[in-house]
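Shown next, in structure tokens, is the structure this report addresses.
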Amino acid sequence: MPIRTIIEPFRIKSVEPIRWTTREQREELLREAHYNLFLLPADDVVIDLLTDSGTGAMSVHQWAAIMEGDESYAGSRSFDRFRDSIQNITGYKHVIPTHQGRAAERILFGVACKKGDVVPNNTHFDTTRANIEFLGAEAVDLLIPEGRQPALHHPFKGNMDVAALESLIARVGRERIPLVMLTVTNNSGGGQPVSMENVRQVSAVCRHHGIPLYFDACRFAENAWFIRLREEGYALKSPKEIAQEMFGYGDGCTMSAKKDGMANIGGFLCTNNDLLAQQEKDLLILTEGYPTYGGLAGRDLEAIAVGIQEALHEDYLRYRIASTAYLGNHIAAAGVPIVQPPGGHAIYLDARSFLPHISPEQFPGVALAAELYLEGGVRSVEIGSLMFAAAAQMDLVRLAIPRRVYTQSHIDYVVEVILEVFRRRDQIKGMRLTYEAPFLRHFTAHLQPIA
Ligand code: F0G
């Protein structure tokens, strides 16, 4: 029989101890944090699934490259490596480094977008939406309807609704749409992939109307793996070939290298448009730094140049997607409601179905996240009524998996914690707000369980 177990494709060379806490300590810590997991000291978290952004482990090759960092202000050879590595994957003419993804977004929209414009996306990530709205433009989500039903299975729930895109263009006019964006994978919609067919169709509509297509490429490698697994004609293609084909249908991208760049900080902006690139570089000098470092150290550029290639390694992606699915499938098999199928970087618990006795006004996602912490020190993040207030369509709890950080036994532990909370779910109480900031309230809110 062939061996089927998928193992972590690395050995661990350097370890970071986990500090244990008792349930009594966690009760106290949670009270002190006003039941908001953002307000916990990270040292008091056993397994931290708050985000997959900037929390990954670097490889020996990345650490070695860091020692080669050229910290020259201008013309650094580290920038040449960074640019060459990114061009090797994306094929885009101009590569502009930024300190993280949202800085790339701010510069792109700052140059390409103005008041009254409309920007379509499958689903805008919060920072993307905020950067568009900050300019007085409108961010429109055009996800396929299947993408909005948590329990429904569909291989590419991140796809854009192409008919809706065409009718939007017909309604508002091509002149008001500076670009169309596709977020791969679709983070806010459950880490779900976009198919190559959908990319091709969206690209054809954009070309027809002369509108540039940009990718929010944060998790482009995970998206490529899903295409290989699920789309006809791609099973024998390498993840890099798939990524290259995808980028070829677009005109540029924004990227947070804290995700599939496998780095702890960094990002970039790419474009094929010479005029736009010039304007972007001018703005970059004003706010981020000279165009050969863009707010990063030379060593960061080196870590990204190596990391972005490692993210496309087949053994890594096989393990990465299998380990996220492992968590999702184990809890779903026991009846825990999750967004199906499991996403690339995270599992999303459907808190409204998990805690049907708690109404959205009483923050079921916050209550569930607090219980997971109490039970086993697991930190997750609420994506629901606290984050989006009345605009929340779902109450989800995201368990994001940092890259190359946790082993299968850590994930087994998380499964056990979730199942224990699920067993006593009817005893869990809703929450009420005792303090909220005027915007982005979820980061600093104070809450209390309802007696
Ligand atoms: N786009 C997507 C799809 C993202 O998921 C993120 C960040 C960004 C843009 C912004 O990048 O953080 O480097 O400025 N997502 C993180 C998360 C914060 O936890 O999902 P950034």
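The chain is numbered in sequence order, starting from 1.
- Residues meeting the salt bridge (Lys or Arg N to Asp or Glu O under 4.0 Å) test with R441, sequence neighbours left out: E436.
- Ring-centre distance between Y319 and F10: below the 6.0 Å cut-off.
- Every salt bridge (Lys or Arg N to Asp or Glu O under 4.0 Å) that E71 has, sequence neighbours left out, goes to R299.
- Aromatic pair F247/F215: ring centres closer than 6.0 Å.
- Residues passing the salt bridge (Lys or Arg N to Asp or Glu O under 4.0 Å) test with E68: none are found, sequence neighbours excluded.
- A salt bridge does not link K258 with D52: every distance from a Lys NZ or Arg NE/NH1/NH2 to an Asp or Glu carboxylate oxygen is 4.0 Å or more.
- In this structure H313 satisfies the side chain to side chain donor-acceptor pair (under 3.5 Å) test with no other residue, sequence neighbours excluded.
- Using a 4.5 Å heavy-atom threshold, the side chains of N122 and M181 count as separate.
- Across every non-hydrogen atom of L301 and S78, the tightest pair is CB-O, 3.9 Å.
- Y92 pairs by the side chain to side chain donor-acceptor pair (under 3.5 Å) definition with nothing, not counting sequence neighbours.
- Scored by the salt bridge (Lys or Arg N to Asp or Glu O under 4.0 Å) test, D117 finds K114 as partners (sequence neighbours excluded).
- Residues V95 and C270 come closest through the heavy atom pair CG2-SG, 4.0 Å.
- Other residues, nucleotides and ligands place no more than 12 heavy atoms under 6.0 Å from the CD1 atom of I7.
- Contact check on R403 versus E310 returns no salt bridge, with no Lys/Arg side-chain nitrogen under 4.0 Å from an Asp/Glu carboxylate oxygen.
- Residues V180 and V202 have side chains in contact (heavy-atom distance under 4.5 Å, counting atoms from C-beta outward).
- Looking at heavy atoms from C-beta onward, H124 lies out of side-chain contact with T183 at the 4.5 angstrom threshold.
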So E105 and T128, side chain to side chain donor-acceptor pair (under 3.5 Å) or not? Walk me through it. CA-CA 6 Å; E105 293 162 6; T128 326; 3.2 Å; yes

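- Using a 4.5 Å cut-off on side-chain heavy atoms (C-beta onward), V336 and F354 make contact.
- At a threshold of 4.0 Å, the pair D80-R83 counts as salt-bridged, since one of the basic side-chain nitrogens sits closer than that to a carboxylate oxygen.
- Taking all atoms of both residues into account, the shortest heavy-atom contact from T292 to P97 is C-CG, 4.3 Å.
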The test is side chain to side chain donor-acceptor pair (under 3.5 Å); show your working for K259 and N187 and say whether it passes. CA-CA 11 Å; K259 284 84 169 177; N187 183 14; over 6 Å; no

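- Within the structure, side-chain hydrogen bond (donor to acceptor under 3.5 Å, both in side chains) contacts touching residues 163-178 (residues at least two apart or in different chains) do not occur.
- Partners of Y406 under the ring pair (Phe, Tyr, Trp, His ring centres under 6.0 Å) rule, at least two apart in sequence or in another chain, are H410.
- For the pair D300 and F82, the minimum side-chain heavy-atom distance is 4.5 Å or more.
- At a threshold of 4.5 Å between non-hydrogen side-chain atoms, the residues I242 and W225 do not count as touching.
- In this structure the side chain of E288 never reaches within 4.5 angstrom of the side chain of Y293, judged on heavy atoms.
- Between D126 and S188, the closest side-chain pair of non-hydrogen atoms falls below 4.5 Å.
- Counting heavy atoms of neighbouring residues, nucleotides and ligands inside a 6.0 Å radius, atom CZ of F134 does not exceed 12 of them.
- Residues R200 and Y249 have side chains that bring a donor and an acceptor to within less than 3.5 angstrom of each other.
- Every pair tested for side-chain hydrogen bond (donor to acceptor under 3.5 Å, both in side chains) that includes a residue from residues 143-156 fails, sequence neighbours excluded, so the list is empty.
- Contact between N272 and G250 at its shortest, heavy atoms only, is ND2-O, 4.2 Å.
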Determine all donor-acceptor pairs shorter than 3.5 Å in which one atom belongs to a side chain in residues 382-390; sequence neighbours excluded.
unit_1 : atom_1 : unit_2 : atom_2 : d
E382   : OE1    : G384   : N      : 3.3
E382   : OE1    : M387   : N      : 3.2
E382   : OE2    : S385   : N      : 3.0
E382   : OE2    : L386   : N      : 2.9
S385   : OG     : P360   : O      : 3.4
S385   : OG     : D395   : OD1    : 3.0
S385   : OG     : D395   : OD2    : 3.0

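- Scanning for side chain to side chain donor-acceptor pair (under 3.5 Å) contacts around H94 gives D274, with sequence neighbours left out.
- Here the closest heavy-atom approach between residue L312 and residue I89 is recorded as CD1-CD1, 3.7 Å.
- More than 12 non-hydrogen atoms from other residues, nucleotides or ligands lie less than 6.0 angstrom from CD of E241.
- The side chain to side chain donor-acceptor pair (under 3.5 Å) search around T324 returns none, not counting sequence neighbours.
- At distances below 3.5 Å, not a single donor-acceptor pair connects side-chain atoms of D48 with backbone N or O atoms of V378.
- Between N131 and F109, the closest heavy-atom pair is CB-CD1, 4.3 Å.
- Using cut-offs of 30° and 60° on the angle between ring planes, the pair Y348 and H345 is perpendicular.
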